[in-house]
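All remarks here apply to the structure that follows.
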Amino acid sequence: MSIIKNDFEKMSISKIKKAKNTKKLTVITAYDALFAKLFSEIADMILVGDSLNMSFAGKNDTLSATLEQMIYHTNAVCNGAKNAFVITDMPFGTYTNKNQALENATKVYAQTNAAAVKIEGGEDRAPIVEHLTKNSIAVMGHIGLMPQYVRSEGGYKVRGKTQEDIEQLIKDAKAIEKAGAFSIVIEGVMSDAAKRISQEINIPTIGIGAGKDTDGQVLVWSDMLGFFEEFKPKFVKHYLNGAELVKGSVEKYRSEVQNGTFPSKNEEY
Ligand code: KIV
């Protein structure tokens, strides 16, 4: 299958903002150079999500991801995807107040080529987002179901089920927009609510588990390529049966090692 890449244009903050109501944005996570290279010049943005703590490091949630880890993986992604617009997740506990947030986001900018950082939180976090944007750090917001709140909220809960919650989410989105964010991830929100939020703000919303009416979509690469086998969240679509393909290939390799057909003359010096 050949992939036509000639409609790819390297993203910038202004192009991302202009995409609102014009072009749906495609975002995918990556944690290493190899996959980032494959995704680059196809996806509009690459997110080095703190989901790497789960899918890469095998932990139960994202909370123990560290800034050093995020910087390490962001450098790997930037090395592999030289033309990509790369966003780094600020991990849990690294932006609890304005000064700490600025110090840590500055480290991300100083030590990597990330174009922006992502921060979870609504109205409560708007002053932190504002402090970063006023200090020349580009920020993507993240509202709705926020994985870094999993322990304090007692689980992952879909949002936007009541009128009151929808109103709160709209306030959150507006506050983050006013604070200077260039885009907002809306995660785990009822589709009608996500549609309303997207209509109420002027910056692009990027949905995950938020229906089709956001301004773009983001998926975790290992989910959408079918490598994560434990369960499939409702919002994930498998575009590849990665786990099956990998296991089948490794089984074939093992049997060829055992029966002596690998290496053959072709693979010999
Ligand atoms: O960490 C991550 O990969 C994310 C996406 C799910 C939006 O925040």
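One-based numbering along the sequence shown. In listed order, ligands and their atoms are each counted from 1.
- Residue contacts with ligand 1: Asp50 is placed with a nitrogen or oxygen under 3.5 Å of a nitrogen or oxygen of the ligand (distance criterion only).
- Note: Phe35 and Phe227 have perpendicular aromatic rings, judged against thresholds of 30 and 60 degrees for the angle between ring planes.
- Using a 4.0 Å cut-off to heavy atoms of Ile208, the atoms of ligand 1 that qualify are 6 (C).
- Crowding of Lys24 atom NZ: a count of heavy atoms from other residues, nucleotides or ligands under 6.0 Å exceeding 12.
- Numbered from 1 in the order shown, with element, the atoms of ligand 1 that lie under 4.0 Å from a heavy atom of His142 read 8 (O).
- Residue-environment remark: NZ (Lys23) exceeds the threshold of 12 foreign heavy atoms within 6.0 Å.
- Remark: ligand 1 atoms within the under-4.0 Å shell around heavy atoms of Thr29 are 3 (O).
- Side-chain N/O atoms of Asp215 and Ser198 include no donor and acceptor closer than 3.5 Å.
- Near Lys118, the atoms of ligand 1 lying under 4.0 angstrom from a non-hydrogen atom of the residue are 4 (C), 8 (O).
- Of all the heavy atoms of Asp89, the ones lying under 4.0 Å from any atom of ligand 1 belong exclusively to the side chain.
- Annotation: atom 5 (C) of ligand 1 to nearest protein heavy atom, Leu47 CD2, 3.7 Å.
- At least one N or O atom of Ser51 sits closer than 3.5 Å to an N or O atom of ligand 1.
- For ligand 1, the atoms closer than 4.0 angstrom to any heavy atom of Gly49 are 1 (O), 2 (C), 3 (O).
- In this structure, a donor-acceptor pair under 3.5 Å is present between the side chains of Gln148 and Tyr95.
- Among residue pairs with one or both ends in residues 138-182, those qualifying as ring-ring contact (aromatic ring centres under 6.0 Å, His included) are Phe85-Phe182; sequence neighbours excluded.
- For Glu120, no nitrogen or oxygen atom sits less than 3.5 Å from a nitrogen or oxygen atom of ligand 1, counting backbone and side chain alike.
- Between the side chains of Glu103 and Asn99, no donor-acceptor pair is found at a separation under 3.5 Å.
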